[in-house]
Amino acid sequence: MLAAFGLALLADLGSLAAGSGTGHLLFKPLLMPLLVAYTVVRGGPRLLVAALLFGWGGDLFLLSEAEWAFLVGMGSFALGHLCYLTLFGRCRTPRPSSPLYALALGTAVVLLWPDLPADLRIPVAGYALLLTAMAWRSCGVGRLAAVGGGLFLVSDLIIATEVADWSQPPVPDVWIMLLYGVGQLLLTLGVLARADTAAGAARTG
């Protein structure tokens with residue numbers, strides 16, 4: 001299933017690079033269900049399954065360019081971040097990283113705020129708070145999850161700069177999906193590794 005996820009992600013990235021909207025519509029919706037299936041087979045936490053399913057909902061709604069779909073998709077991702085936060089709350093978060101994430105959040109909101117559409121400013125700021133909190137809390141799970149949370153954060157930051165109509169790197173959609181897909185994968189692997197470690201400690205204890 002991880003191999004299938006990797007192939008689907010590569011196919012989606014190739015579709016985006018080639019400008020194939022049909023390929024993106026076909027492959028993007030496959031990504032999160034494959035991670036969900038892998039998590040279920042591994043006996044992963046239900047909150048991880050829920051977070052990935054909410055991510056899938058966000059993926060589906062963001063396939064539309066309508067503003068209402070963007071807001072609903074963002075809301076679905078926000079629910080996924082709440083699931084991650086609840087899950088990560090069971091882990092100890094290293095405090096030294098908190099000023100860095102707070103600085104990143106404050107800087108992003110201050111810089112983006114004037115260029116965001118007026119009706120999206122509050123929703124985007126609220127979502128950014130949840131996303132940054134998720135990335136920060138992921139640092140307490142382990143290295144894999146910490147990197148995954150950081151990649152997810154950068155991916156959504158690029159989306160925010162698109163909404164604010166800032167200059168974009170070449171093929172920004174490719175970068176967004178690459179960072180998002182790998183981020184979700186690393187979050188999944190990090191949580192599962194932590195769960196395996198906890199289960200092993202319980203058996204030996």
Side-chain angles (χ1 to χ4, degrees), residues 1-10 12-13 16 28 30-39 41-42 44-45 47-56 58-59 62 74 77-108 127-161 169 171-200:
M1 277 176 283
L2 286 184
F5 172 84
L7 290 174
L9 180 58
L10 287 174
D12 187 42
L13 296 175
L16 290 170
K28 182 181 181 182
L30 298 177
L31 297 176
M32 292 307 105
L34 288 169
L35 284 184
V36 167
Y38 178 72
T39 299
V41 169
R42 287 282 305 274
L47 279 170
L48 175 57
V49 172
L52 294 171
L53 287 175
F54 281 124
W56 183 48
D59 288 343
L62 291 187
M74 186 167 59
F77 277 120
L79 291 173
H81 294 321
L82 286 173
C83 291
Y84 275 131
L85 282 169
T86 304
L87 182 59
F88 298 162
R90 301 170 183 173
C91 305
R92 179 175 170 271
T93 301
R95 294 184 182 275
S97 64
S98 55
L100 297 177
Y101 281 101
L103 178 61
L105 172 64
T107 301
Y127 176 79
L129 177 61
L130 275 178
L131 171 63
T132 306
M134 182 280 292
W136 170 54
R137 295 290 305 195
S138 70
C139 296
V141 180
R143 289 184 180 180
L144 286 176
V147 174
L151 293 179
F152 203 145
L153 178 64
V154 175
S155 173
D156 279 4
L157 180 59
I158 297 175
I159 295 176
T161 61
V171 290
D173 289 343
V174 172
W175 290 107
I176 289 168
M177 284 307 302
L178 174 62
L179 294 169
Y180 167 70
V182 175
Q184 288 277 42
L185 172 64
L186 293 180
L187 283 167
T188 299
L189 295 178
V191 170
L192 292 176
R194 178 86 178 210
D196 287 345
T197 300

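As the structure is a computational prediction, the values presented were derived from the model and not from experiment.
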From [atom1] ([X]) to [atom2] ([Y]), nearest 0.5 Å:
{"X": "Leu157", "Y": "Leu131", "atom1": "CG", "atom2": "CG", "result": "9.0 Å"}
{"X": "Ile158", "Y": "Leu153", "atom1": "CD1", "atom2": "CG", "result": "10.5 Å"}
{"X": "Gln184", "Y": "Leu31", "atom1": "CD", "atom2": "CG", "result": "9.5 Å"}
{"X": "Arg137", "Y": "Leu87", "atom1": "CZ", "atom2": "CG", "result": "10.5 Å"}
{"X": "Leu9", "Y": "Leu185", "atom1": "CG", "atom2": "CG", "result": "8.5 Å"}
{"X": "Leu100", "Y": "Thr132", "atom1": "CG", "atom2": "OG1", "result": "12.0 Å"}

So which atom in [X] and which in [Y] form the shortest heavy-atom distance, rounded to 0.1 Å?
{"X": "Ser138", "Y": "Leu187", "value": "CB-CD2, 4.1 Å"}
{"X": "Ser155", "Y": "Leu179", "value": "CB-CB, 3.7 Å"}
{"X": "Leu34", "Y": "Ala8", "value": "CD1-CB, 4.2 Å"}
{"X": "Gly80", "Y": "Ala51", "value": "O-CB, 3.6 Å"}
{"X": "Ala78", "Y": "Leu130", "value": "CB-CD1, 3.7 Å"}
{"X": "Gly150", "Y": "Ala135", "value": "N-CB, 4.4 Å"}

Test item: [X] and [Y] side chains (from C-beta on) under 4.5 Å apart, heavy atoms:
{"X": "Leu30", "Y": "Asp12", "answer": "no"}
{"X": "Cys139", "Y": "Tyr101", "answer": "yes"}
{"X": "Val171", "Y": "Leu16", "answer": "no"}

Exam field: side chain Arg194 to backbone Phe88, donor-acceptor pair closer than 3.5 Å: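 Answer holds: no.
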
With no hydrogens and no angle check, is any side-chain donor or acceptor of Thr107 less than 3.5 Å from a backbone partner on Ala104? no

The test is side chain to side chain contact (heavy atoms under 4.5 Å, CB included); show your working for Leu82 and Phe54 and say whether it passes. CA-CA 10 Å; Leu82 286 173; Phe54 281 124; over 6 Å; no

Can you sort out the partners of Tyr127 under ring pair (Phe, Tyr, Trp, His ring centres under 6.0 Å), two or more places apart, ordered by chain and number?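 Here the qualifying residues are His81.
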
Would Tyr84 and Leu48 count as a side chain to side chain contact (heavy atoms under 4.5 Å, CB included) here? Give the steps. CA-CA 7 Å; Tyr84 275 131; Leu48 175 57; 3.8 Å; yes

Going by side chain to side chain contact (heavy atoms under 4.5 Å, CB included), name the residues that satisfy it together with Asp59, two or more places apart in sequence or in a different chain. Lys28, Met32, Phe77, Tyr180

Take Val36 and Leu53 through the test side chain to side chain contact (heavy atoms under 4.5 Å, CB included) and record every step on the way to the result. CA-CA 7 Å; Val36 167; Leu53 287 175; 3.8 Å; yes

With sequence neighbours left out, write down each residue that passes salt bridge (charged side-chain N to carboxylate O under 4.0 Å, His left out) with Arg42, or none if nothing qualifies.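 Arg42 satisfies salt bridge (charged side-chain N to carboxylate O under 4.0 Å, His left out) with Asp196 once adjacent residues are dropped.
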
Please step through side chain to side chain contact (heavy atoms under 4.5 Å, CB included) for the pair Leu2 and Leu35, ending with a clear verdict. CA-CA 7 Å; Leu2 286 184; Leu35 284 184; 4.3 Å; yes

